[in-house]
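Nothing fancy with the numbering, it's 1 onward along the sequence. Note: hydrogens, waters and symmetry copies are ignored here, and every other heavy atom, side chains too, is used. Note that the coordinates shown come from a computational prediction; the quantities given were computed from them, not determined experimentally.
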Amino acid sequence: MRDLLIRGRVLTFLKEPQGIDDTASYRFIEDGAVFVRSGKIVHIGLYADVAKQAGPDTEVADHRPHLVLPGLIDTHLHFPQTQAIASYGAQLLEWLNTYIFVEEQKFKAPEHAAFIAGRFMDELLSNGTTTAAAYCSVHPESVDAFFAAAEERDMLMIGGKVMMDRNAPDALQDTSQKGYDETKALIARWHGRGRAHYAITPRFAITSTPEQMEMSRALVAEHPDCYVQTHLSENRDEITFATSLYPEAKDYTDIYARYELLGRKTLLGHCIHLSDREISALAETEAVGVFCPTSNLFLGSGLFDRDRFDKLGARHAVATDVGAGTSFSMLETMDEAYKVLHLQGQRFSPLNSFYMMTLGNARALDLEDRIGSLHAGADADIVVLDSRAKPAMELRMQVASSLAEELFIVQTMGDDRSVAEVYVAGEPMKCRRRQTKAQADVELATA
């Protein structure tokens, strides 16, 4: 890996912003630079100062006037649903049975799993996302494909096989013992290998028997450094069904609590229709509620109440939730998050949006020492954003007068076209893809 000096308008967050004028929450350097060596950030600061430290022979990637930020982070999505985005006309349970369970049966085939895993990773990178927490299918082949594709690109990724032993097609069911055995083998094969992190993944209470939940509890006890990911309180029919299957539980959240699945490394997708008692239980256990705005709107599930999470001291993150989520773009996701919260009279500044996509989500994953901010010793996962990527954005930017205004323009109008470059462990991935495509075009033309 070569030394690299990435020049541009550098922005990184230091803490959660307390309002649109909270300049103490971030560091912004108009002519800044990030010095990268061996996949790690060595130093950031004024270009003139960092260039002296890097030395005259260091390669410079000059991205002015673009913004240079930490790579974006997605905390909940489903890689087997990549080809199921934009499946029409159903709420959660019908949508799962009509589209998703049909799609996921394809992932028994290693070739299909590998093909989609590669496209999935490239879609993330095209949208500036360098780390994500993803669900695989019930098949170990899907997990192998997922982590192999991430490893090929040197991406820090979190993932795991879903465990399902009821209320799903036979082809997508394991058993409590099989789910345990396959998960344990996958943890041994992938967790801690390179940049891979494993997530123990009982899909949700509806598709796991009490016996499988007990096996999930055992896996968590045996592997406390792994993540746990599941779904909670997305849809009212889901809540009714789940609680009917576990009548002894106080509520939906209590199902997971009874099996000791709530903890600091637990990611709970959606968390829309929670009582104060349930949010307080998340706060007490430090589990993370994951806000998935495009998915919640697409399936008509409901509106996430961020202010109530903050009031009760519960942790939260944001995510695309592809494929119910309608875009791989965290920019487009935060645009919808703004609207969801605005509908409830809740303020969500562009500073908060960019904090959540970077340092906020890194903190939710307990990975802020490695990703989510630009600091010495961090992994060099970096995104370069073009605020003028589209003609309408360029026109709007002509009258923008502040950094916060510029960020809101990127959030509201931006998409994958706004991602000028993305670096993974210091390597430029968009540039590499362009070179690969150009080489393929030449080979095709001369064949």
With sequence neighbours left out, the residues meeting salt bridge (charged side-chain N to carboxylate O under 4.0 Å, His left out) with Arg189 are Asp144
Test of understanding: with side chain to side chain donor-acceptor pair (under 3.5 Å), list the residues that count as partners of Lys108, not counting sequence neighbours. Glu141
Does Arg277 come within less than 4.0 Å of Glu284, counting only side-chain N to carboxylate O? no
Can you confirm whether Thr12 sits close enough to Tyr26 that some side-chain heavy atom of one is under 4.5 Å from a side-chain heavy atom of the other? no
Partner set under side-chain contact (heavy atoms from CB on, under 4.5 Å) for Ala337, not counting sequence neighbours: Phe291, Pro293, Met334, Phe348
Interatomic distance, Tyr256 atom OH to Phe204 atom CZ [nearest 0.5 angstrom]: 7.5 Å
Will you find, in the side chains of Asp305 and Gln346, an N or O donor that is under 3.5 Å from an N or O acceptor? yes
What residues form a salt bridge (charged side-chain N to carboxylate O under 4.0 Å, His left out) with Asp276, not counting sequence neighbours? Arg308
CG/Leu92 to CD/Glu238 distance, rounded to the nearest 0.5 angstrom? 5.5 Å
Salt bridge or not for Asp307 and Lys311, using N-O below 4.0 Å? no
Strictly by modelled atom types, are Asn352 and Ser349 linked by a side-chain donor-acceptor pair under 3.5 Å? yes
For Asp379, check side chain to side chain donor-acceptor pair (under 3.5 Å) against everything at least two apart and list the hits. Lys40, Arg195, Arg370
Quick check: do Phe408 and Tyr338 have side-chain heavy atoms less than 4.5 Å from each other? yes
Go through the structure and list residues passing ring-ring contact (aromatic ring centres under 6.0 Å, His included) with His316, not counting sequence neighbours. none
Could you tell me if the side chain of Leu365 sits less than 4.5 Å from the side chain of Ile73, heavy atoms only? yes
Testing the 3.5 Å rule here: is there a donor-acceptor pair between the side chains of Gln177 and Thr175? no
Once salt bridge (charged side-chain N to carboxylate O under 4.0 Å, His left out) is applied, do any residues pair with Glu260, and if so which ones, sequence neighbours excluded? Arg217
If only side-chain N and O atoms count, and only distance matters, is there a donor-acceptor pair under 3.5 Å linking Tyr355 with Arg363? yes
State, without any angle test, whether Thr207 and Asn167 hold a side-chain donor-acceptor pair at a distance under 3.5 Å. no
With rounding to the nearest 0.5 angstrom, report the OG1 to CG distance, Thr320 to Leu331. 12.0 Å
Give a yes-or-no answer on whether the side chains of Glu406 and Ser387 include a donor-acceptor pair shorter than 3.5 Å. yes
Applying salt bridge (charged side-chain N to carboxylate O under 4.0 Å, His left out), name anything that partners Asp21, two or more places apart in sequence or on another chain. none
Aromatic ring proximity, centroids under 6.0 angstrom, His191 and His223: no
Any donor-acceptor pair under 3.5 Å from Thr266 side chain to Leu261 backbone: yes
For Gln173, check side chain to side chain donor-acceptor pair (under 3.5 Å) against everything at least two apart and list the hits. none
For a salt bridge (Lys or Arg N to Asp or Glu O under 4.0 Å) check, start with the C-alpha distance between Glu248 and Arg258, then their side-chain angles and the critical distance, and finish with the verdict. CA-CA 10 Å; Glu248 72 284 358; Arg258 284 171 177 262; 5.2 Å; no
Drop me the distance from Ile116's CD1 to Gln83's CD, to the nearest 0.5 angstrom. 3.5 Å
Partners passing side chain to side chain donor-acceptor pair (under 3.5 Å) against Gln212 (at least two apart in sequence or in another chain): Asp174, Ser208
Between Arg203 and Asp165, is there a salt bridge with N-O shorter than 4.0 Å? no
Tell me every residue that passes ring-ring contact (aromatic ring centres under 6.0 Å, His included) with Phe309, counting only those two or more places apart in sequence or in another chain. Phe304
Heavy atoms, side chains only, cut-off 4.5 Å: are Ile279 and Thr253 in contact? no
Sole residue of Val228, Leu274, Leu262 in side chain to side chain contact (heavy atoms under 4.5 Å, CB included) with Leu268: Leu262
Can you sort out the partners of Phe79 under ring-ring contact (aromatic ring centres under 6.0 Å, His included), two or more places apart, ordered by chain and number? Phe107, Phe120, Phe146
Does either side chain, that of Glu332 or that of Ser327, offer a donor lying less than 3.5 Å from an acceptor on the other one? yes
Could you grab the distance from atom CG of Leu11 to atom CG of Leu407, nearest 0.5 Å is fine? 6.0 Å
